[in-house]
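Chain identifiers are assigned alphabetically (A, B, ...) following the order of the sequence lines, protein sequences preceding nucleic acid strands; residue numbering begins at 1 within each chain.
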Protein chains: 2
Amino acid sequence: MDLKRLSHLLALADERHFGRAAERVHLSQPALSRSIQALESETGQRLFDRDTGDVRPTPAGEFLIERARRLLFDARSLERDMALYSDRQLGSLAFGVGPFPAAMLMHQVVPRLRLDHPAVTLRVEVNNWQILEARLRAEAIEFFVADIRNFTAESDLLIRSLGQVSAGFFVRPEHPLAGRQVSMGELEGYGIATTRLPEVVKLETARTLGISTRQALPIVLECDDVALLKTVAGSTDTILGVIHGAVAEDIRVGRLIELHVVDRPGFHSEIGVVSLQGRSLSPTALCVIEAVVGEMQSVHVEQSPRF
Amino acid sequence: MDLKRLSHLLALADERHFGRAAERVHLSQPALSRSIQALESETGQRLFDRDTGDVRPTPAGEFLIERARRLLFDARSLERDMALYSDRQLGSLAFGVGPFPAAMLMHQVVPRLRLDHPAVTLRVEVNNWQILEARLRAEAIEFFVADIRNFTAESDLLIRSLGQVSAGFFVRPEHPLAGRQVSMGELEGYGIATTRLPEVVKLETARTLGISTRQALPIVLECDDVALLKTVAGSTDTILGVIHGAVAEDIRVGRLIELHVVDRPGFHSEIGVVSLQGRSLSPTALCVIEAVVGEMQSVHVEQSPRF
DNA sequence: CGTTATTACGTAGATCGTAAGAATA
DNA sequence: TATTCTTACGATCTACGTAATAACG
């Protein structure tokens, strides 16, 4: 059953005339005649009654024509859908985001995606990097955006760095430490709320501070939900330790202010895109990654610490 | 979009191995490789990631594979349906039957059709020959079985005679005329009930009787519903004038008996199959016509007048 | 080095267009 | 005789298999 043949069938069914039907399918008239004959031979049924100057479908012809019309419609839909898919206007995309990138980038990127690609089904998994890595290997997500400092030596993962983003300590405006220079030691009395940090980051930070014990950072609340962390910092004197991008809006409206820590360590995060080595990404995934890159760049500009 | 190509796609998607997939679609491995490449070129998307010894669909591949699977299923269904249609196991059939053939043949033929071809949708139009001819020309029915004496000269109709069937006069057992020889003249007092007869038949019958006026046959009830005619003859002294085949069962069970008319004219009907000249019939239609022919023959045997 | 996918190349089959033929009005 | 479908024939294009090549473990 060849689709081209079936399209010849439909042309003849519509035109009821070999000459015109042949023209319609860009074929010579004898070629169309042969094509129809081949179909009749294939089905073992006469499909058209030809009385000179009068071509009409037989009952068997009507039967086949009706079904062929549906099949060809479906075939054309498939081609159209594939074109739309290539144009990122159809399909589905699942990707992951770490807590910080989610708070910093996704509030811009996801609404934009919904506007630009309304027919693409999205699944955005916000989770910590361990879960995201497992999800990626299980191919439940195509890629994820997260802190990439855990994935240095992994050769089966393709890691694209989007650069470092600085972090800081943030408190509510009425906080006792607000508005003046503070030392790291002073933070201990209030405790720090932050996301679940990779071990490497904790150790590195401690080392930067010149402290050998893990207790160097007085973390009193570990939670991957940045919105929840903000609520805690906004309603208590707990100190929020996150990247600047995650609280840009809160600082703008005055809900939070940054502490001016004089001996502040090189507290930062390195954001990157992680995908499986050697696996192609969908057009939409590539598009989202570009959007994330672009968003990172634009955030970077306005992301310098403000006191 | 070629269906063969898509079947190659599915084979590779299932086997995840060019060699095995090629074997499955009866192709050499390089040929399959080219076929997939052609599809990738056509869609503009890489469809499989090939790492030596590991072939896996890309997201674009998954997208296409899923849809291709549905399309190929539909294509195979079409082929299967067409085969079933040719084998008279699928489709629909509309045909017409005159009142007499309906009463004589269809009670055998239609149940048999339902048993042998359960998946074929039937429409049986029982009507008089004028309506049936119009329905045939409108192509609302493929053919009809009726008295063909009206269709002698029609060249655009294809008429297949099934032979003559004799008619007679029938009454209820308690009828005053029952059980003895009667003359045509005696019928007049009770009146005859019959179907709407063609003018030619009326005239011919009158001529056979040697009477010149149309009033020769004292028809008091004209109706195309044979069952209704029978009810009238069974509950009144009205005389039923129909073909023998239409009342075979009623005579067998003693509901009606035939009048022994001594000067009975050559009262008969000529049954035939009428279809459009030069128009092919569906396989099922041909099958039904054969069944009607066979039924006519078997009825003919037991159809000799009994007194 | 063995396995597996791709590229090269010559061939067989399908399909095409032009031209000639047959049928019908 | 004009129109329309079919058959004949030569050309072209596609898809195939075999063989050689390349990539990877």
Side-chain angles (χ1 to χ4, degrees), chain A residues 1-43 45-58 60-61 65 154-156 158 276-280, chain B residues 1-43 45-58 60-61 65 72 154-158 276-280:
Chain A
M1 242 345 127
D2 183 19
L3 290 182
K4 211 192 306 183
R5 286 263 178 74
L6 292 182
S7 79
H8 299 167
L9 176 85
L10 294 188
L12 186 56
D14 290 345
E15 298 290 345
R16 284 161 134 61
H17 185 283
F18 277 80
R20 288 193 297 273
E23 195 174 355
R24 193 165 115 173
V25 295
H26 312 294
L27 222 60
S28 72
Q29 186 268 329
L32 178 70
S33 187
R34 278 193 304 265
S35 185
I36 298 295
Q37 283 171 30
L39 208 50
E40 288 180 327
S41 158
E42 196 177 330
T43 59
Q45 296 287 323
R46 190 162 186 79
L47 299 174
F48 292 92
D49 283 322
R50 293 88 142 166
D51 298 334
T52 306
D54 184 37
V55 178
R56 316 193 64 179
T58 62
I65 288 160
E154 310 271 2
S155 66
D156 59 341
L158 180 64
L276 286 173
Q277 185 76 257
R279 307 300 308 276
S280 299
Chain B
M1 246 338 133
D2 183 17
L3 291 181
K4 212 190 309 182
R5 287 264 177 74
L6 292 183
S7 79
H8 299 166
L9 176 84
L10 295 189
L12 186 56
D14 291 344
E15 299 290 345
R16 286 163 133 59
H17 186 282
F18 277 80
R20 288 193 296 275
E23 195 175 356
R24 195 166 115 172
V25 294
H26 311 297
L27 220 62
S28 72
Q29 187 267 333
L32 177 70
S33 187
R34 276 193 305 263
S35 186
I36 298 297
Q37 282 173 31
L39 208 51
E40 288 180 328
S41 159
E42 196 177 330
T43 59
Q45 295 288 323
R46 190 162 187 77
L47 300 173
F48 292 92
D49 283 323
R50 294 89 141 165
D51 298 333
T52 305
D54 184 37
V55 177
R56 315 195 63 180
T58 63
I65 288 161
L72 251 88
E154 308 271 4
S155 66
D156 58 340
L157 295 182
L158 180 64
L276 286 174
Q277 184 74 257
R279 308 302 307 279
S280 300

Item to check | Length of the line joining B:F18:CZ and D:dC16:P, which is rounded to integer Å | outcome: 14 Å
Item to check | Contact summary for B:H8 and B:L32, nearest pair of heavy atoms | outcome: CB-CD1, 3.6 Å
Item to check | Closest listed nucleotide, where the reference is the side chain of B:Q37 and the choices are D:dC16, C:dT7, D:dT6 | outcome: C:dT7
Item to check | Test item: B:S7 side-chain N/O and B:K4 main-chain N/O as donor-acceptor pair under 3.5 Å | outcome: yes
Item to check | Test salt bridge (Lys or Arg N to Asp or Glu O under 4.0 Å) applied to B:R279 and A:D49, step by step | outcome: CA-CA 6 Å; B:R279 308 302 307 279; A:D49 283 322; 3.6 Å; yes
Item to check | Rounded distance [0.5 Å steps], OG1 in A:T58 versus CD1 in A:I65 | outcome: 7.5 Å
Checklist entry - Roughly how many Å is it from CG in A:L47 to P in D:dC5, rounded to a whole number? => result 16 Å
Item to check | B:R46 CZ to B:S41 OG distance, which is reported to the nearest 0.5 Å | outcome: 12.5 Å
Checklist outcome for this item: When rounded to the nearest 0.5 Å, the distance separating CD of B:E23 from NE2 of B:H17 is 10.0 Å
Checklist outcome for this item: Heavy-atom contacts, protein to nucleotides 18-25 of chain C, under 4.0 Å, summarised as B (base), S (sugar-phosphate only) or - (none) per nt, yield BB----S-
Item to check | Under 3.5 Å: donor-acceptor pair, side chain of B:Q29, backbone of B:G19 | outcome: no
Checklist outcome for this item: Nearest heavy-atom approach of A:A11 to A:R24 is CA-NH2, 3.9 Å
Next on the checklist: Taking any heavy-atom pair under 4.0 Å as a contact, classify A:R5: base, sugar-phosphate, or nothing.
Outcome noted: sugar-phosphate
Item to check | Over all atoms of both residues, closest heavy-atom pair of B:M1 and B:T43 | outcome: CE-CG2, 4.3 Å
Next on the checklist: Nearest whole Å is fine: how far is C:dT7 C1' from B:R50 CZ?
Outcome noted: 13 Å
Item to check | OP1 or OP2 of D:dC5 under 4.0 Å from side-chain N/O of A:S33 | outcome: no
Checklist entry - What integer distance in Å separates B:R20:CZ from C:dT3:C1'? => result 12 Å
Could I get a table of every N or O pair under 3.5 Å where one atom is in the protein and the other is in nucleotides 10-13 of chain D?
none

Checklist outcome for this item: In whole angstroms, the gap separating P of D:dC5 from CZ of A:R56 amounts to 14 Å
Checklist entry - Can you check the B:E15 CD to C:dT3 P distance for me, whole Å? => result 19 Å
